**Q** 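Supplied in structure tokens, the structure appears directly below.
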Amino acid sequence: MQSIKYIAKEWDYSFKSMNWWNREKVKNAKVMVVGCGALGNEVIKNLVFMNIAHIVIVDFDEIEYSNLSRSILFDQTNAKNAKRKVDAVKEKITHINDSVHIEAIYADIRFGVGLSLFNDVDVIISCVDNRLARLFINKYAFMFSTPWIDGAIENISGKVKVYQKGESCYECNLSETERQDIQAKLSCADVEAEVHLHGSIPTTSIAASIIGAIQVQEALKIIHGYQDKLMSTSLYYEGLHNLYLNYDENNKNMDCHCNCKDITVQTSGLSNQALLIDLFSEIDTTYEHSNPIILLRNPFVTKVQLVEVNKTVNVSLPKYRLKNHFEETVVLLDHTDKIDRQFAHRHYSLEQLGINDCDIIKYIGDDGRIKFLNLNPKS
Amino acid sequence: MTEEIPVIIRVMPNAEELEVSVPKTATPRELISHILDAGVGIPKTDAQSNQIAYQLIPKGKNEVLKEAESFEQGEVQANDVILMIPKVIAG
């Protein structure tokens, strides 16, 4: 009797017969997925099945029981332990396909991620749940001409849109209602309170599967260089009435930052573990700007008022970290987003000032022009 | 007197149909606001209190009507079916 042997084939063995598939391109691809909710789960699952070599995942949330009905990469133990979503995803993915390298970043995309990531990846897939995060992704993806693919779901409907610099822009297509909503959220800038969103928007694994699959399909086209085959319109899907609607919404606003030219980024020998004074020295010696002004993306706060107890407190923290230190609502009394050589906290590390690993620092040089400096990863 | 165009607004995702007559000079922004204020059960906010934004897309045309341009400029015709689609944001 002939024995049957199990032969381990390569993960992408069957893909080789697909004429559009290019193993080398997939092997060298790097994709960032922002948001690990229902949509993020589906997107990451598909990227891993398609054997994308390097995936960066970003999320700042923990798993709740309510997530389990639509998240293939989470389980009940994760929910009981309120495990971080990024950690659960990384663990599960490693069991599925250990040839994929997952970089998990537990952070809010708007505050805790080094901007060089936007330059380092081939494509960004947005699975976030709010307009502010989308606006942020749009801004920094376009700064480096990196395409991004937005997905959103509700109930059994959803939407996909591919954004590319010069072709389509999220910000240019915001309605007045959306701008008002964004403005209302930003106008609370002086009050740093944790925003607890009550209630959750009903979503299903059905919509997440469909929209997430299309997002990954478009990402694969970008990775393969099939720009001419990308979706040029928005897709709205509604399952109850079998509606698949492709429609054009490529408004262009000439004042939008999406019209900016690509930036040139200088290289730094420092990481965010270096001190601020070292950064000033480097800018002086390497780039010959003796009095630069560093423009902080995250304001640095030195004095706050605790609203409930009506007490003033001196602090030295980036604004986005205040919520880790104070449970009550605080009002900013003293903060800055511009620092020069005379800054009182010049012996702080860049990390203490709220500058992230692999961040890109923006500064005004002696010639009055804005420069960008790319930090090294911390060792 | 401003001329009006009779159209059918199909509000997604539930596909409720509203028969309305819109002045040719009115804009999609004004009509959406009017519909939301009319008390016909179209939600203004989602479960997380985010304001819901809507877009109007004439069926078969597949192009969003610009919110500040009039229906006349948008070449809306009598008896057009216009889809009113929420801009979903959850992930």
Side-chain angles (χ1 to χ4, degrees), chain A residues 34-43 59 126-131 133-134 150-159 173-182 184-185 195-203 207-208 211-212 233-234 236-241 243 245-251, chain B residues 8-18 26-38 41-70 73-76 80-91:
Chain A
V34 188
C36 292
L39 203 46
N41 264 253
E42 288 296 324
V43 164
D59 194 289
S126 166
C127 305
V128 300
D129 63 357
N130 67 87
R131 294 177 179 125
R134 286 187 173 88
D150 190 27
I153 53 172
E154 182 163 349
N155 205 323
I156 52 170
S157 63
K159 185 188 169 184
N173 285 283
L174 288 173
S175 67
E176 190 181 70
T177 301
E178 290 173 294
R179 289 180 194 280
Q180 283 171 354
D181 194 49
I182 288 166
K185 289 182 169 81
V195 179
H196 291 289
L197 297 171
H198 296 289
S200 65
I201 295 171
T203 59
I211 299 300
T233 53
S234 300
Y236 175 75
Y237 160 76
E238 201 286 303
L240 202 58
H241 303 87
L243 176 67
L245 182 68
N246 286 289
Y247 59 97
D248 185 23
E249 54 171 352
N250 289 337
N251 283 333
Chain B
I8 295 167
I9 304 292
R10 186 175 295 163
V11 187
M12 302 308 293
N14 295 328
E16 299 119 325
E17 293 199 343
L18 307 170
T27 63
R29 185 186 293 161
E30 290 164 346
L31 178 62
I32 290 168
S33 171
H34 186 78
I35 290 172
L36 295 178
D37 289 340
I42 313 299
K44 282 185 177 183
T45 55
D46 65 23
Q48 293 184 333
S49 304
N50 301 300
Q51 283 190 67
I52 303 173
Y54 291 89
Q55 294 173 303
L56 296 184
I57 305 168
K59 197 178 172 205
K61 197 173 173 193
N62 299 345
E63 190 171 341
V64 176
L65 292 173
K66 291 190 169 58
E67 64 169 359
E69 282 186 10
S70 70
Q73 286 172 304
E75 297 176 357
V76 172
D80 273 358
V81 174
I82 301 177
L83 300 171
M84 181 167 153
I85 290 176
K87 293 177 89 172
V88 288
I89 59 171

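To find a chain, count down the sequence lines: A is the first, B the second, and so on, and within it residues start at 1. Predicted model, so just to flag it, every value in this text is computed and none were measured.
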**Q** At a 4.5 Å cut-off on heavy atoms, which part of B/K59 comes close to chain A: side chain, backbone, both, or neither?
**A** neither
**Q** With only heavy atoms counted, which part of A/T203 is less than 4.5 Å from chain B, the side chain, the backbone, both or neither?
**A** side chain
**Q** Is the number of heavy atoms from other residues, nucleotides or ligands under 6.0 Å of A/H241 NE2 greater than 12?
**A**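 Enclosed: over 12 neighbouring heavy atoms sit under 6.0 Å from NE2 of A/H241.
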**Q** Is the shortest heavy-atom distance from the side chain of B/I85 to the side chain of A/E238 under 4.5 Å?
**A**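 Contact flag for B/I85/A/E238 side chains = no.
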**Q** Check A/A152 against B/V88 and note the closest heavy-atom contact, atom names and distance.
**A**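 Looks like CB-O, 3.1 Å.
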**Q** Does a side-chain heavy-atom distance below 4.5 Å link A/Y236 with B/M12?
**A**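 Yes, close enough: below the 4.5 Å cut-off.
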**Q** Might you confirm whether atom CD of B/E75 has over 12 heavy atoms from other residues, nucleotides or ligands at distances under 6.0 Å?
**A**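 No, not enclosed.
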**Q** Mind ranking A/E154, A/E42, A/E178 by heavy-atom pairs under 4.5 Å with chain B and telling me who comes out on top?
**A**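 Most heavy-atom pairs under 4.5 Å with chain B: A/E178.
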**Q** Would the distance check show the side chain of B/E67 and the main-chain N or O of A/E176 forming a donor-acceptor pair, the cut-off being under 3.5 Å?
**A** yes
**Q** So for A/L245, is it side chain, backbone, both, or neither that comes closer than 4.5 Å to the heavy atoms of chain B?
**A** side chain
**Q** Once rounded to the nearest 0.5 Å, what's the spacing between atom CG of A/N155 and atom CG of B/N14?
**A**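 Here the rounded value is 7.5 Å.
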**Q** CG of A/D129 to CG of B/D46: how many Å apart, nearest 0.5 Å?
**A**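 It is 9.5 Å, given to the nearest 0.5 Å.
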**Q** How would you list, by chain and number, every residue that makes a side chain to side chain contact (heavy atoms under 4.5 Å, CB included) with A/N130, sequence neighbours excluded?
**A**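 Side chain to side chain contact (heavy atoms under 4.5 Å, CB included) list for A/N130, sorted by chain: A/L132, A/A133.
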**Q** For a 4.5 angstrom cut-off between non-hydrogen side-chain atoms, does B/I57 reach A/E249?
**A**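 They are not in side-chain contact.
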**Q** Report the distance from atom OG of A/S175 to atom CD1 of B/I52, rounding to the nearest 0.5 Å.
**A** 11.5 Å
**Q** State the NZ-OG distance between B/K87 and A/S234, to the nearest 0.5 angstrom.
**A**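 Reported to 0.5 Å precision, the distance equals 8.5 Å.
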**Q** Non-hydrogen atoms of chain B under 4.5 Å away: do they reach the side chain of A/D150, the backbone, both or neither?
**A** neither
**Q** For the CD atom of B/E63 and the CG atom of A/N246, what is their distance to the nearest 0.5 Å?
**A**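 Rounded to the nearest 0.5 Å, the CD-CG separation comes out at 13.0 Å.
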**Q** For A/L243, is it the side chain, the backbone, both, or neither that has a heavy atom closer than 4.5 Å to a heavy atom of chain B?
**A** side chain
